[in-house]
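Numbering starts at 1 and runs along the sequence shown. Bear in mind that the values here come from a model prediction, so they are computed numbers and not experimental data.
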Amino acid sequence: LVRRSKGFRWQEPVHEHIAIHGVTREFDIAVTHGHKERSGASTRNLDIYRGLEEKGTPLSTRALYYYARELRTHGLLEDAVDHYRRFFGRGDGWAEDQITAAGDLAECLLALGRKGESLEELTKSFTIDLPRAEVLCKLGRIYLADRELTKAAFWYGLALEVPKPSG
């Protein structure tokens, strides 16, 4: 909850947020909102991003990340790969988004039959922060699918050992 008088404004065209600054207080409350039941995935967000792109409106790094995710969700894998790579090219994304994007990009590449690139993207996530269990499991899954059991067991075993990320 924020005070209108402080001039806070919604940011981003999709996955909107308010950048909070100044004095904050924590309270033990919960705010919820409902979701309408829908059949199939909505194209609302995808349509908004496409419209912005068609107009030549620059997207923030955060918006580029979410646009890539929308493309992936809708099965537009080549476009998703392109947008994930543009996201990484910015070099200023939040570390957790970068790690998630590396895994998502790897999944796109794998679905497109580009296993080598998929493995590269997963291991690049190790340069962002300590390895995450979900990334290690994705590595294990790739090797398991190829029946390379020793490699699969290694990555799954390592996933059991890594500490949970802080924060």
Side-chain angles (χ1 to χ4, degrees), residues 11-17 35-167:
Q11 298 178 6
E12 301 295 339
V14 178
H15 298 288
E16 302 88 341
H17 69 281
H35 293 280
K36 293 179 184 176
E37 291 294 322
R38 294 188 185 115
S39 61
S42 166
T43 63
R44 174 196 175 270
N45 295 347
L46 185 60
D47 294 341
I48 291 170
Y49 284 130
R50 282 180 165 161
L52 292 169
E53 197 169 53
E54 286 170 10
K55 291 178 192 172
T57 304
L59 296 178
S60 69
T61 301
R62 183 176 190 269
L64 197 53
Y65 165 69
Y66 281 110
Y67 188 12
R69 290 178 62 118
E70 289 294 330
L71 291 162
R72 177 178 176 254
T73 297
H74 291 279
L76 303 167
L77 301 183
E78 289 289 357
D79 286 340
V81 167
D82 176 58
H83 284 77
Y84 278 122
R85 290 204 163 130
R86 287 174 46 196
F87 164 74
F88 282 116
R90 298 271 179 95
D92 63 347
W94 182 47
E96 293 305 320
D97 286 348
Q98 289 182 52
I99 292 166
T100 301
D104 292 348
L105 173 55
E107 297 275 348
C108 291
L109 291 164
L110 195 59
L112 291 167
R114 294 154 60 182
K115 176 185 166 188
E117 288 177 74
S118 179
L119 291 169
E120 277 182 46
E121 294 302 331
L122 288 170
T123 56
K124 279 184 193 174
S125 74
F126 303 159
T127 66
I128 299 163
D129 199 6
L130 294 175
R132 298 293 194 271
E134 59 270 21
V135 172
L136 300 171
C137 285
K138 286 180 184 194
L139 286 163
R141 196 173 323 122
I142 290 170
Y143 288 112
L144 184 61
D146 284 347
R147 307 202 52 76
E148 295 185 60
L149 303 183
T150 302
K151 289 180 182 178
F154 171 80
W155 292 111
Y156 281 126
L158 195 54
L160 293 170
E161 302 296 322
V162 296
K164 290 182 181 180
S166 60

Residues Lys138, Asp104; criterion side-chain contact (heavy atoms from CB on, under 4.5 Å); working and verdict: CA-CA 10 Å; Lys138 286 180 184 194; Asp104 292 348; 4.2 Å; yes
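- Between atom OH of residue Tyr65 and atom OG1 of residue Thr61 there is a gap of 13.0 Å, rounded to the nearest 0.5 Å.
- With salt bridges taken as basic N to acidic carboxylate O contacts below 4.0 Å, none links Lys151 and Asp146.
- Residue Phe88 comes nearest to Ala101 through the heavy atom pair CZ-CB, 3.7 Å, listed as atom of the first residue, atom of the second, then distance.
- The minimum heavy-atom distance between Gly140 and Trp155, with the atom names listed, is N-CB, 3.6 Å.
- Thr100 places none of its side-chain heavy atoms less than 4.5 Å from the side chain of Trp94.
- Salt-bridge annotation for Arg62 and Asp97: absent, with no side-chain N of the basic residue lying under 4.0 Å from a carboxylate O of the acidic one.
- Looking at Leu105 and Phe87, their side chains never come closer than 4.5 Å, going by heavy atoms from C-beta outward.
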Stepwise side-chain contact (heavy atoms from CB on, under 4.5 Å) check, Arg85 with Glu121: CA-CA 10 Å; Arg85 290 204 163 130; Glu121 294 302 331; 3.5 Å; yes
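- With salt bridges taken as basic N to acidic carboxylate O contacts below 4.0 Å, none links Lys124 and Glu117.
- Checked for salt-bridge contact, Arg132 and Glu96 meet the test: a charged N lies under 4.0 Å from a carboxylate O.
- Contact check for Leu71 versus Asp82: no side-chain heavy atoms found under the 4.5 Å cut-off.
- Phe154 places a side-chain heavy atom less than 4.5 Å from the side chain of Leu158.
- Interatomic distance, OG1 of Thr43 versus CZ of Arg50, reported as 8.0 Å (0.5 Å rounding).
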Please walk me through it: do Tyr84 and Arg72 pass side-chain contact (heavy atoms from CB on, under 4.5 Å)? CA-CA 10 Å; Tyr84 278 122; Arg72 177 178 176 254; 3.8 Å; yes
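- Taking 4.0 Å as the cut-off between side-chain N and carboxylate O, Glu78 and Arg114 count as a salt-bridged pair.
- Checked by atom type and distance alone, the side chain of His74 pairs as donor or acceptor with a backbone atom of Ser42 at under 3.5 Å.
- For Tyr156 (side chain) and Arg141 (main-chain N/O), a donor-acceptor pair under 3.5 Å exists by modelled atom type.
- Pairing each heavy atom of Leu110 with each of Ser118, the nearest pair is CB-OG, 3.8 Å.
- Residue Ser60 comes nearest to Arg90 through the heavy atom pair C-NH1, 3.3 Å, listed as atom of the first residue, atom of the second, then distance.
- To the nearest 0.5 Å, the span separating OH on Tyr67 from CD on Glu53 amounts to 3.5 Å.
- For the pair Ala106 and Leu122, the tightest heavy-atom approach, listed with the atom from each and the gap, is CB-CG, 3.4 Å.
- Glu70 contributes atom CD, which lies 9.0 Å from atom CD1 of Ile48 (distance to the nearest 0.5 angstrom).
- Contact between Ser125 and Ile99 at its shortest, heavy atoms only, is O-CG1, 4.4 Å.
- Atoms CG and OG1, on Leu136 and Thr123 in that order, are 11.0 Å from each other to the nearest 0.5 Å.
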